[in-house]
Trainee: 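Got a structure here, written out as structure tokens. Questions coming.
These numbers come from the heavy atoms of this one structure, side chains and all, not from hydrogens, waters or symmetry mates. Read the numbers this way: they start at 1 and go in the same order the structure lists the ligands and their atoms.
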Amino acid sequence: MDTLTIARPDDWHLHVREGALLKSVVPDTAGQFARAIIMPNLTPPVVTVDRALAYRDEILAAVPPGATFEPLMTLYLTEDTPPNEIQKAAECPHVHAVKLYPAGATTNAASGVRDIKKVYPVIEAMEKYDLPLLMHGEVVDSEIDIFDREAVFIDRHLSPLIHHFPKLRMVMEHITTENAVTFVTEQPNNLAATITAHHLLLNRNAMFEGGLRPHHYCLPLIKRERHRHALVKAATSGNPKFFLGTDSAPHPKGAKEAECGCAGIYTARHALAFYAEVFDRADALAQFEGFASFYGADFYGLPRNEDSVTLHRQVVDVPETVDFGGVAGVPLRAGGQVAWSVS
Ligand code: DOR
Ligand code: ZN
């Protein structure tokens, strides 16, 4: 199969930042995807519906003429989020979820949640109004090895959440381990998971190949080969609990190549091609459309896209750097090639 036409996909986990950087990255996503769930971890974070709507306007203004792209907004959950903001969010047609960052877990997570029990009343409102909870599923605990933080989050926080809120729709974002795949598979259908291209393509050796590789540093960290293998199996299985979420996270080159480099990998420019490579290698292109274009929309209760995109088996060069609003950014596989092109 050298050509693959699928319903236009959506990206169910994306960072576009603000200002000049936002303007430079939105066209990469809008060129391939119809919609994207926009992460709220700005500084300060997007904690109110009004702010989410203003942020949405900023994103829409960066969509190139002729393209149609719909940003699906989210709120950033804090210990101060009032339950009535949840009702407002649920009634707003542009807000689609609330994101839980454990405080300190990742980029701009300082205002996140320290004690999940404290936000149970807010989560109760989410369950009541059927607004999905998206989770950065890692514990922040210096005694827990950083490679084990996802598995411990499942035991300590996710299992109790599922028990307390049996009707709440939840997405475990960017899963990275076999434990997460097994757990999500075994739970009822109100729990789903997104999977990034980089966690499908790389194992943790990529962070240390011949030296320290800051452009392969993201959170949750990329794990062992057996975990990558489990993720590929889940993504290509046809199980609708697993769908596409790039977690494309632009940081300027200088902020990555630094004494304390930022977490995040920029994949948006060639996102669909990266995923197509994974499915192709797994001999599972027949499952690609479900993962990329159907299951996320179904989970969020949104219509599937009616137009389509076509992928060609055609090698494309990945640039050494991309423009991040006047500064350089380094995309995944910079200076290399990707095996598919999108038209
Ligand atoms: O690697 C990451 N980068 N993981 C996250 O959870 C956040 C993201 C970012 O915003 O840069
Ligand atoms: Zn993210």
Trainee: Could you tell me whether T107 and ligand 1 have an N or O pair separated by under 3.5 Å?
Mentor: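 Yes: some nitrogen or oxygen of T107 is under 3.5 Å from one in ligand 1.
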Trainee: So, using salt bridge (Lys or Arg N to Asp or Glu O under 4.0 Å) as the criterion, who are the partners of R114 when residues are at least two apart?
Mentor: none
Trainee: Could you list the atoms of ligand 1 found under 4.0 angstrom from a heavy atom of N41?
Mentor: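 Every atom of ligand 1 under 4.0 Å from some heavy atom of N41: 9 (C), 10 (O).
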Trainee: Could you tell me which atoms of ligand 1, counted from 1 in the order shown, lie closer than 4.0 angstrom to a heavy atom of H136?
Mentor: 6 (O)
Trainee: Any idea which part of R17 is under 4.0 Å from ligand 1, heavy-atom wise: side chain, backbone, both or neither?
Mentor: side chain
Trainee: At less than 4.0 angstrom from any non-hydrogen atom of A249, what atoms of ligand 1 do you find?
Mentor: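 With A249 as reference, the close atoms of ligand 1 come out as 3 (N), 8 (C), 9 (C), 11 (O).
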Trainee: Any donor and acceptor pair, going by atom type alone, linking the side chain of T194 with main-chain N or O of G245 inside 3.5 Å?
Mentor: no
Trainee: For the residue pair K223 / T176, report whether a side-chain donor-acceptor contact shorter than 3.5 Å exists.
Mentor: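 Side chains of T176 and K223: pair found under 3.5 Å.
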Trainee: If the plane angle is over 60° it's perpendicular, under 30° parallel, otherwise tilted; pick one for F291 and F279.
Mentor: tilted
Trainee: For M39 and ligand 1, answer yes if some heavy atom of the residue is under 4.0 Å from a ligand atom, otherwise no.
Mentor: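 No, that is not the case, since the closest heavy atom of the residue is not under 4.0 Å from the ligand.
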Trainee: Look at the aromatic rings of Y76 and Y101 and report parallel, tilted or perpendicular, splitting at 30° and 60°.
Mentor: tilted
Trainee: Measuring from the Zn ion (ligand 2), count protein N/O/S atoms under 2.8 Å, please.
Mentor: 3
Trainee: As an exercise, identify every atom of ligand 1 less than 4.0 angstrom from a heavy atom of D247.
Mentor: 4 (N)
Trainee: How close do H96 and Y300 get, heavy atom to heavy atom, and via which atoms?
Mentor: O-CE2, 3.9 Å
Trainee: Is the closest basic N to carboxylate O distance between R51 and E18 below 4.0 Å?
Mentor: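 Judged by the 4.0 Å cut-off on N to carboxylate O distance, R51 and E18 do form a salt bridge.
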Trainee: Checking E150 side chain against T177 main chain: does a donor-acceptor pair fall under 3.5 Å?
Mentor: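 Present.
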Trainee: Does either side chain, that of D323 or that of S24, offer a donor lying less than 3.5 Å from an acceptor on the other one?
Mentor: no
Trainee: Specify whether H157 and F153 have parallel, tilted or perpendicular ring planes, treating 30° as the upper limit for parallel and 60° as the lower limit for perpendicular.
Mentor: tilted
Trainee: Within the 4.0 Å heavy-atom shell around T106, which atoms of ligand 1 are there?
Mentor: 2 (C), 4 (N), 5 (C), 6 (O), 7 (C)
Trainee: Within a radius of less than 6.0 Å around CG of D115, do more than 12 heavy atoms belonging to other residues, nucleotides or ligands occur?
Mentor: yes
Trainee: With nothing but distance in play, are any N or O atoms of L219 less than 3.5 Å from an N or O of ligand 1?
Mentor: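 Yes - when backbone and side-chain N and O of L219 are compared with those of ligand 1, one distance drops under 3.5 Å.
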Trainee: Just to confirm my output: which protein heavy-atom neighbour is closest to atom 3 (N) of ligand 1, and how far is it?
Mentor: A263 O, 3.0 Å
Trainee: If the cut-off is 4.0 Å to any non-hydrogen atom of C218, which atoms of ligand 1 fall inside it?
Mentor: 1 (O)
